[in-house]
Amino acid sequence: MTRTLSTFKHLECSLTGDLFPIDSPMRLSPSSEKPLLARYDLKEASKTLNQENLYKRRNDMWRYEEILPVLDDENIVSLGEGNTPFMKMNNLSKKLLINNFFVKDESNNPTGSFKARGLSAAISKAKEYGIKGIVMPSAGNAAGAMSAYASKSQMEANVFMPKDAPLANKMECIAFGANVKLVDGFISDAGKASAIEAEKRNLFDVSTLKEPYRVEGKKTMGLEIAEQMNWEVPDVIIYPTGGGTGIVGIWKAFQELEQIGLVSNKKPKMVV
């Protein structure tokens, strides 16, 4: 085992604050059925997670290993996600009368979207737990990312999609070797079918906010924004939100960076 620098300590119920161990896979909080959040020893993390060390590290989202949940380096399932461009929009800044207007271009991730971050983290942790099969409902980018990372880790991927999902998304999943099942109705109907399959076949369900680790991958957007802004906290972050995993992750990133001492106690205004 090649240990990472992760300081992952326990899981915490997002509603009650109850703590749970990390020695076996968990999805929702047993005490409330609400999402679980990964918690770290941030005092310990602050000893090595600093500007000087970051300059010497790998060039993807796994550079922030102290506050990511994978304990063994060999379990990281990566396709080079993260470190996406952060560009100053000079023309739009003038037009909108905003002095410093930046865009973070997540289309540069593997499989073409920010979903790669969350699924890289979730599937890496699933691999660490020895999970062999996963399932999710999706009509688009999340399914493609899940299928790609599952393929790399040689894990069985099962996707439930509404029949009218875009053809390109269906083909992408099939090309990566996922089992794609088309469902009559909406994404909510695909979600119900996915949950039934998970129960029936003992698959690990990586649906939005139904397990703790996709948030940790999406959190790296916030970590990168802070680093790319030279550790200044932006006034406002506008985020195209979807299911909400990313907005939770970005807020968590700034909370953790503040406790580590890399940013001030200012919080960005989050626009959903």
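Note that these values count all heavy atoms, side chains included, but never hydrogens, waters or copies made by symmetry.
- The closest side-chain heavy-atom distance from Lys132 to Met155 is not below 4.5 Å.
- Rounding to the nearest 0.5 Å gives a distance of 5.0 Å between CZ of Arg63 and CG of Leu54.
- Shown here is Lys88, whose NZ atom has more than 12 heavy atoms of other residues, nucleotides or ligands within 6.0 Å.
- For the 3.5 Å distance criterion, the side chains of Thr4 and Ser6 fail to qualify, holding no donor opposite an acceptor.
- Glu81 has no carboxylate O lying under 4.0 Å from a charged side-chain N of Lys115, or vice versa, which leaves the two without a salt bridge.
- Counting only heavy atoms from C-beta outward, the side chains of Val159 and Lys181 never approach each other to under 4.5 Å.
- Rounding to the nearest 0.5 Å places CG of Leu19 at 4.5 Å from NE2 of His10.
- Nearest heavy-atom pair across Gly185 and Asp164 is O-OD1, 4.5 Å.
- Using a 4.0 Å cut-off between a side-chain N of Lys or Arg and a carboxylate O of Asp or Glu, Lys267 and Glu258 qualify as a salt bridge.
- Of the charged side-chain nitrogens involved, at least one lies within less than 4.0 Å of a carboxylate oxygen, so that Glu256 and Lys219 count as a salt-bridged pair.
- Taking CG from Leu79 and CG from Asn109, the interatomic distance works out to 10.0 Å, rounded to the nearest 0.5 Å.
- Counting heavy atoms from C-beta outward, Ser78 and Asp60 have side chains that approach closer than 4.5 Å.
- Between Lys252 and Val215, the closest side-chain pair of non-hydrogen atoms falls below 4.5 Å.
- The pair Arg27-Asp205 meets the salt-bridge criterion, with a side-chain N (NZ, NE, NH1 or NH2) lying under 4.0 Å from an Asp/Glu carboxylate O.
- Scored by the side chain to side chain contact (heavy atoms under 4.5 Å, CB included) test, Glu128 finds Val70, Leu71, Asp72, Asn75, Lys125 as partners (sequence neighbours excluded).
- Side-chain contact check for Trp62 and Ser120: at least one donor-acceptor pair (N or O, by modelled atom type) lies under 3.5 Å.
- With salt bridges taken as basic N to acidic carboxylate O contacts below 4.0 Å, none links Arg117 and Glu216.
- Put simply, the side chain of Tyr239 reaches to within 4.5 Å of the side chain of Ile250, judged on heavy atoms.
- When all heavy atoms are compared, the tightest approach of Cys13 to Ser32 is SG-OG, 3.0 Å.
- The salt bridge (Lys or Arg N to Asp or Glu O under 4.0 Å) test with Arg57 is passed by exactly one of Glu52, Glu227, Glu66: Glu66.
- In this structure, CD1 on Ile98 lies 8.5 Å from CG on Leu92, to the nearest 0.5 angstrom.
- Using the six-membered ring where Trp is involved, Tyr129 and Tyr213 have ring planes that are tilted, between 30° and 60° apart.
- Donor-acceptor pairing under 3.5 Å is recorded for the side chains of Lys104 and Thr84.
- With contacts defined as side-chain heavy-atom distances shorter than 4.5 Å, the pair Phe86/Met229 qualifies.
- In this structure, CZ on Phe160 lies 10.5 Å from OG on Ser207, to the nearest 0.5 angstrom.
- Residues Ser138 and Ala142 come closest through the heavy atom pair OG-CB, 3.8 Å.
- A salt bridge is defined here as a Lys NZ or Arg NE, NH1 or NH2 lying under 4.0 Å from an Asp or Glu carboxylate O, and Arg3 with Asp73 fails to meet this definition.
- Taking both residues in full, the closest heavy atoms of Ala157 and Met146 are given as CB-SD, 3.6 Å, listed atom of the first, atom of the second, then distance.
- Atom-to-atom distance recorded for Met161:CE and Asp189:CG is 15.0 Å, nearest 0.5 angstrom.
- The shortest distance between side-chain heavy atoms of Met87 and Phe102 does not fall below 4.5 Å.
- In the displayed structure, Lys266 atom NZ is contacted under 6.0 Å by more than 12 heavy atoms of other residues, nucleotides or ligands.
- Remark: the Asn158 side chain and the Asn179 side chain contain an N/O donor-acceptor pair separated by less than 3.5 Å.
- In the displayed structure, Lys210 atom NZ is contacted under 6.0 Å by at most 12 heavy atoms of other residues, nucleotides or ligands.
- Within a 6.0 Å radius of CG in Asn91, other residues, nucleotides and ligands contribute 12 heavy atoms or fewer.
- The minimum heavy-atom distance between Ala150 and Ile134, with the atom names listed, is CB-CD1, 4.1 Å.
- The minimum heavy-atom distance between Phe254 and Pro268, with the atom names listed, is CD1-CG, 4.0 Å.
- Using a 4.5 Å cut-off on side-chain heavy atoms (C-beta onward), Pro110 and Tyr149 make contact.
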